[in-house]
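Notes follow once the structure below has been shown.
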Amino acid sequence: MRSWPEVTIPVVPGSGPGLRLHDSASDQVRPITAQGTATLYVCGITPYDATHLGHAATYLTFDMVQRVLRDQGLDVRYVQNVTDVDDPLIERAQRDGIRWQDLAERETDLFRFDMEALRISPPDEYLGAVETMDLVVTAVERLLDSGQAYRLEDGTGDVYFDVATDDRFGYVSRYDAQTMLELSAERGGDPDRAGKRNRLDPLLWKGKRDGDPSWPSSLGAGRPGWHIECAAIALEHLGEQIDIQGGGEDLRFPHHECSAAHAEAITGLVPFAGHYTHAGMIGYDGEKMSKSLGNLVKVSGLTRDGVEPMVIRLALLRGHYRDYREWTDDYLDASERTLSLWREAVRRPIAPAAEATIATMRACLANDLDTDGAVEAVTRWANQRPAHNDSGLAVQAMEDAVDALLGIKL
Ligand code: 5CA
Ligand code: ZN
């Protein structure tokens, strides 16, 4: 699938501390230990109602991860999927009386456009489920061959993963059994489906149903389950073990738990990811902003109303990425003022030295992405009065640092 245009990132002289990032599996902020190239898989959208500020905040989080890693001198290999065939997409297309393919294409286009406007770096590989069907089929075949998957004996052709074959199951999300069952029911699983060996067993391949899209395969006609799609794409395009698996907090279970379990069952290597990193939810009207609830503020809605994308980006950098953050328009007003202050500061003929501020920005960001700390550091610099012996060099240095490290074009 087509990705979106590359974002140019200036090189900032010097370097900062190595990135330490939260990992859900250990519930610790731990260093990223990659050498040379860091591998990053971030779960992509299900394209039926893009792009709301929750999506934007999550992809921005992983854009910040990449900026810090790059600033550290690492290369980043980044893969993202598009869940371009799945129940919620098909249901929405039916509701709206359009083809699911057209809905997916339209919303993916909008997503690319919004990502570019927000200056979020594109993945090196951007892959849809439809175009990676073969990878999923091969992965499911391997799990059937090794006895870690089974076919339901009710003639549907459905194939499930047997969680009992994985004695580490649950290590990514660390939820108790009852919570896993509840979240599975809430988030696309089917704990009450008759004939499964274990209620938590996730679907790997859904046999063809009347009126449902399906693809012929050695497994029988059908379509992929959700978690195996991400496991199969990551294994093919990033390798058997990756540095970071990313997404929003609502993907901790069952999605990332199950895709890690699938990948580990296929490779025999544990852990699938060195870090499982999750962004907190953006809320609106007191609840998680979501397509299904409809309490959305869309990036395209704000830009249509004349809000500058850099104001949205800066607003989403406020607070901490792991916290639940309730969206209010006040964030926009405050960010507009901050952005004006910064822009005035870099239009000055001379400005206070930038080194200490850049060092603070780097230290904050390396500490589990303390974006608020980095933003405050820039604001303090912008409020400093230049002394008579200051020069104009600091102005360009800060403009570049704000661009490279925060992704904000002044
Ligand atoms: N296609 C799957 C992943 S393979 C999916 O979850 N798609 S999604 O469109 O529902 O969500 C895309 C990303 O946005 C996920 O990482 C999800 O956790 C994140 N996300 C969704 N809603 C919010 C929200 N309100 N706040 C923060 N992140 C959110
Ligand atoms: Zn995913």
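Counting starts at 1 for both ligands and their atoms, following the listed order.
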Next on the checklist: If we only look closer than 2.8 Å, how many protein N, O or S atoms does the Zn ion (ligand 2) have near it?
Outcome noted: 3
Checklist entry - Which residue holds the protein heavy atom closest to atom 11 (O) of ligand 1, what is that atom called, and what is the gap in Å? => result His55 CD2, 3.8 Å
Next on the checklist: Within the 3.5 Å criterion, strictly below it, is a donor on Glu287 or Asn295 matched to an acceptor on the partner's side chain?
Outcome noted: no
Checklist entry - Is Glu229 near ligand 1, meaning one of its heavy atoms is under 4.0 Å from it? => result no
Checklist entry - Below 4.0 Å from any atom of ligand 1, is there a heavy atom belonging to Ala50? => result no
Checklist entry - Does ligand 1 have any atom that is closer than 4.0 Å to a heavy atom of Tyr48? => result no
Item to check | Thr83 N/O under 3.5 Å from ligand 1 N/O | outcome: yes
Item to check | Nearest protein heavy atom with distance in Å, relative to atom 25 (N) of ligand 1 | outcome: Met289 O, 2.8 Å
Next on the checklist: At less than 4.0 angstrom from any non-hydrogen atom of Leu251, what atoms of ligand 1 do you find?
Outcome noted: 6 (O), 15 (C), 16 (O), 18 (O)
Item to check | Sub-3.5 Å N/O-N/O distance, Thr46 and ligand 1 | outcome: yes
Checklist entry - Which heavy atom of the protein is the closest neighbour of atom 4 (S) of ligand 1, given with residue, atom name and distance? => result Trp226 NE1, 3.1 Å
Item to check | Nearest neighbour in protein (non-hydrogen) for atom 10 (O) of ligand 1 | outcome: Lys291 NZ, 3.4 Å
Item to check | Under-4.0 Å heavy-atom contact with ligand 1, by part of Ala57 that carries it | outcome: neither
Checklist entry - Atoms of ligand 1 less than 4.0 Å from Lys288 heavy atoms? => result 25 (N)
Checklist entry - Taking Glu249 for the side chain and Met281 for the main chain, is one N or O donor matched with an acceptor at less than 3.5 Å? => result no
Checklist entry - How does Asp250 reach ligand 1, if at all, at less than 4.0 Å between non-hydrogen atoms: by side chain, backbone, both, or neither? => result side chain
Checklist entry - Quick one: does Gly44 get an N or O within less than 3.5 Å of an N or O on ligand 1? => result yes
Checklist entry - Is it true that His255 lies under 4.0 Å from ligand 1, counting heavy atoms only? => result yes
